[in-house]
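Quantities reported herein were computed from a predicted structural model and do not represent experimental measurements. Numbers for residues simply follow the sequence, beginning at 1.
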Amino acid sequence: MDLPPTSPLAPPLAPPETDPRLRQAVRTGDRLRWGLTGLAAVFLVVLAAAAGLRPTGREDKPGTGEPLAVLGVAPGPATRPNDDQ
């Protein structure tokens, strides 16, 4: 494994096996990766369940539709009559 060159002012890098900070960072990254993977899995399960439970299309039944048309009421005029005349 090639390590990047260090500047003379930077402390020397310790191998990851001996540096507890690097081990903690690796553990934190693993936990984050597992958490995001689990979240994606839950999202996909919920998405699949929602797609499977979606109601089917409505069937038109007699008597449904426009409420006034069902009652036999004719629509009013398209414009309001002028009150000045």
- Message: Going by side-chain contact (heavy atoms from CB on, under 4.5 Å), name the residues that satisfy it together with V46, two or more places apart in sequence or in a different chain.
- Response: V42
- Residue pairs, two or more places apart or on separate chains, that pass salt bridge (Lys or Arg N to Asp or Glu O under 4.0 Å) and touch residues 37-48: none
- Message: Under 4.5 Å side-chain heavy-atom separation, chaining through any Ile, Leu, Val, Met, Phe, Trp or Tyr, what else clusters with L36? Say none if it is isolated.
- Response: L32
- Query: Quick one: salt bridge (Lys or Arg N to Asp or Glu O under 4.0 Å) pairs with a partner in residues 31-42, sequence neighbours left out?
  - Reply: D30-R33
